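Before anything else, here's the structure in question.
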Amino acid sequence: MKGDSDFDGVGDILREAADTLICPRFRCLDAAAIATKSHADDLVTIADLETEEFLSRHLTALLPGSLAVGEESVFRDPARKACLDSDKPVWVIDPVDGTANFVHGLPGFAIIIALVERRRTIRGWIYDPLSRRLYKTEAGAGVWCEGRRLCLDGRQGRELTAMSGCLGRRMIERHRQHLGELSQRGSAAHDYMALCDGRLDFRLFRLLNPWDHAAGVLMVEEAGGYVRLLSDKSYAPLFHGADGLLIAPDADTWLELRQVLEI
């Protein structure tokens, strides 16, 4: 990646956070370390809280003058959303994406980091603490995993029935006959990793919090995939209300999926 020497420290920061604050608690959480937020299935753990604080502190130190916006800080203070409109660089942080998997001892969780400037994602990182795989991207420089550039050439132009995707449970039942293998991972990070390395062909998201998508959208686009909001607008790392996000290997498949899924 071009200019990578300026940001070599990000991967080290993510690994340290995972090794010291997340992995030691995997399958070791007691009830006192888990709480709910907006509803019973919206979970937060001590690992989420301490990891976000650690990442906010170390990432803003890596880039003086930058701001940090994280999932947990916005829940505590919704006014922090306004930082995404700042002219300063903003680190967008999901400290433990897939918290429900983490709480239930399932391996589908990861850290997601995006660096946003003037409402545009310029860099992104997704780190899987268990496999220790780091996916990283920079606008105009591709998406990489462990020294290998990821590219979706060859995934385009296939029949929908030959494609694998992720949908909500109700949509899976409605559209199983029209599509190929359908699944759910419970982690946007793991969906984006699978999209970038070809294990997943398409994904429909309905909840568009920027910490879930800012890094992943850039990764898919840099790998050659096609990403649009259901309103047919480009994605930006902001809050998009009731809009949805559809990801496909190419524009023609995106249009075909949108028609088949009736969205």
Side-chain angles (χ1 to χ4, degrees), residues 1-23 47-48 50-63 66-73 83-84 89-99 102 107-117 120-151 185 187-197 199-200 203 209-223 225 227 235-237 247:
M1 294 173 65
K2 63 183 181 181
D4 198 48
S5 60
D6 295 335
F7 287 90
D8 284 343
V10 174
D12 294 336
I13 290 168
L14 300 189
R15 293 184 186 94
E16 183 176 354
D19 290 346
T20 61
L21 300 173
I22 298 175
C23 289
D48 296 84
E50 291 189 357
T51 300
E52 184 170 314
E53 190 281 329
F54 176 93
L55 293 172
S56 297
R57 178 161 39 89
H58 285 273
L59 292 171
T60 54
L62 187 67
L63 184 60
S66 61
L67 306 174
V69 173
E71 178 177 5
E72 309 311 331
S73 64
C83 292
L84 292 167
V90 183
W91 298 97
V92 182
I93 301 169
D94 192 342
V96 184
D97 178 77
T99 297
F102 181 71
F109 59 91
I111 303 172
I112 309 177
I113 302 293
L115 182 60
V116 172
E117 284 189 353
R120 175 175 171 264
T121 307
I122 60 170
R123 289 176 179 256
W125 297 258
I126 297 177
Y127 181 65
D128 180 355
L130 297 183
S131 71
R132 300 187 66 83
R133 288 180 301 157
L134 177 66
Y135 290 67
K136 58 184 180 178
T137 190
E138 180 182 0
V143 56
W144 300 76
C145 179
E146 305 305 318
R148 179 172 63 95
R149 185 167 187 169
L150 306 180
C151 182
R185 288 173 172 78
S187 164
H190 280 262
D191 289 338
Y192 279 115
M193 289 187 284
L195 286 161
C196 287
D197 59 27
R199 290 177 288 121
L200 189 68
R203 179 64 161 103
N209 291 318
W211 41 82
D212 290 325
H213 303 289
V217 166
L218 180 60
M219 288 184 181
V220 171
E221 291 177 336
E222 288 292 323
V227 185
Y235 174 82
I247 301 169

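Because the structure is predicted, anything quoted here is derived from the model rather than measured.
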### Query
What heavy-atom pair brings Cys196 and Val220 nearest, and what distance separates the two atoms?
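Nearest pair, atom of Cys196 first, then Val220: SG-N, 3.8 Å.
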
### Query
Is Asn209 close to Glu71 at the side-chain level, that is, under 4.5 Å between some pair of heavy atoms?
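A side-chain contact under 4.5 Å is absent here.
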
### Message
I'd like to know whether Val10 forms a side-chain contact (heavy atoms from CB on, under 4.5 Å) with Arg123, so could you lay out the CA-CA distance, the side-chain angles of the two residues, the decisive distance to 0.1 Å, and finally the verdict.
### Response
CA-CA 11 Å; Val10 174; Arg123 289 176 179 256; over 6 Å; no

### His58 NE2 to Leu63 CG distance, which is reported to the nearest 0.5 Å
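One finds 15.0 Å between NE2 of His58 and CG of Leu63.
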
### Close side-chain approach of Ile22 to Ile111, heavy-atom, < 4.5 Å
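Yes, their side chains come closer than 4.5 Å.
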
### Query
So with a 6.0 Å cut-off around CZ of Arg133, is the heavy-atom count from everything else above 12?
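Enclosed: over 12 neighbouring heavy atoms sit under 6.0 Å from CZ of Arg133.
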
### Query
Do the side chains of Val217 and Tyr192 get nearer than 4.5 Å, heavy atoms only?
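A side-chain contact under 4.5 Å exists here.
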
### Query
Would Met193 and Met219 count as a side-chain contact (heavy atoms from CB on, under 4.5 Å) if you check the C-alpha gap in whole Å, the side-chain angles of each, and the deciding distance to 0.1 Å?
CA-CA 9 Å; Met193 289 187 284; Met219 288 184 181; over 6 Å; no

### Message
Using 0.5 Å steps for rounding, measure from the CD atom of Glu50 to the CG atom of Leu21.
### Response
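Separation between the atoms: 6.0 Å.
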
### Query
What's the shortest heavy-atom distance between Pro89 and Glu117, and which atoms?
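Result for this residue pair: CG-OE2, 3.8 Å.
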
### Query
Which value, rounded to the nearest 0.5 Å, describes the distance between Leu150 atom CG and Asp197 atom CG?
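Going from CG on Leu150 over to CG on Asp197, the span is 6.0 Å.
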
### Query
Within a strict 4.5 Å, meaning less than it, do heavy atoms of the Val92 and Pro237 side chains meet?
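No, side chains not in contact.
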
### Query
Atom CZ in Phe102, atom CG in Asp97: separation rounded to 0.5 Å?
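Nearest 0.5 Å value for the CZ-CG distance: 12.5 Å.
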
#### Entry: Heavy-atom side-chain proximity of Glu146 to Tyr135 below 4.5 angstrom
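Answer no - side chains too far apart.
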
### Query
So, does Trp91 use its side chain to make a donor-acceptor pair with the main chain of Leu59 at under 3.5 Å?
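Yes: the side chain of Trp91 pairs with the backbone of Leu59.
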
#### Entry: Distance in Å, Asp128 CG paired with Cys145 SG, rounded so as to fall on 0.5 Å steps
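Here the interatomic distance stands at 9.5 Å.
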
### Task
Taking all heavy atoms of Pro95 and all of Leu55, pick out the closest pair and write down the distance.
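Looking at all heavy atoms of both residues, the shortest contact is CA-CD1, 4.4 Å.
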
### Query
Is there side-chain contact between Arg132 and Arg15, with heavy atoms separated by less than 4.5 Å?
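The answer is yes, as the side chains (C-beta and beyond) meet within the 4.5 Å cut-off.
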
### Message
So, taking the atom named OG in Ser131 and the one named NE2 in His190, what distance separates them when rounded to the nearest 0.5 Å?
### Response
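Ser131 OG to His190 NE2: 7.0 Å, rounded to 0.5 Å.
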
### Task
Mind listing the closest non-hydrogen atom pair of Ala215 and Ile113 along with its distance?
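Closest pair (atom of Ala215, atom of Ile113, distance): CB-O, 3.4 Å.
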
### Query
What are the two closest heavy atoms between Ala110 and Pro129, and how far apart are they?
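For Ala110 versus Pro129, the nearest heavy atoms are CA-CD, 3.8 Å.
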
### Task
Might you point out which heavy atoms bring Ala189 and Ile126 nearest each other, and give the distance in Å?
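The answer is CB-CG2, 3.8 Å.
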
### Task
Taking the side chain as every heavy atom from C-beta outward, state whether Phe109 and Leu130 have any pair of such atoms under 4.5 Å apart.
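They are in side-chain contact.
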
### Query
Is there a donor-acceptor pair closer than 3.5 Å between any side-chain N or O of Glu222 and the backbone N or O of Thr137?
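No; zero donor-acceptor contacts below 3.5 Å.
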
### Message
Main chain of Arg57, side chain of Thr60: is a donor-acceptor contact present, judged purely on distance under 3.5 Å?
### Response
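Such a contact is found between Thr60 side chain and Arg57 backbone.
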
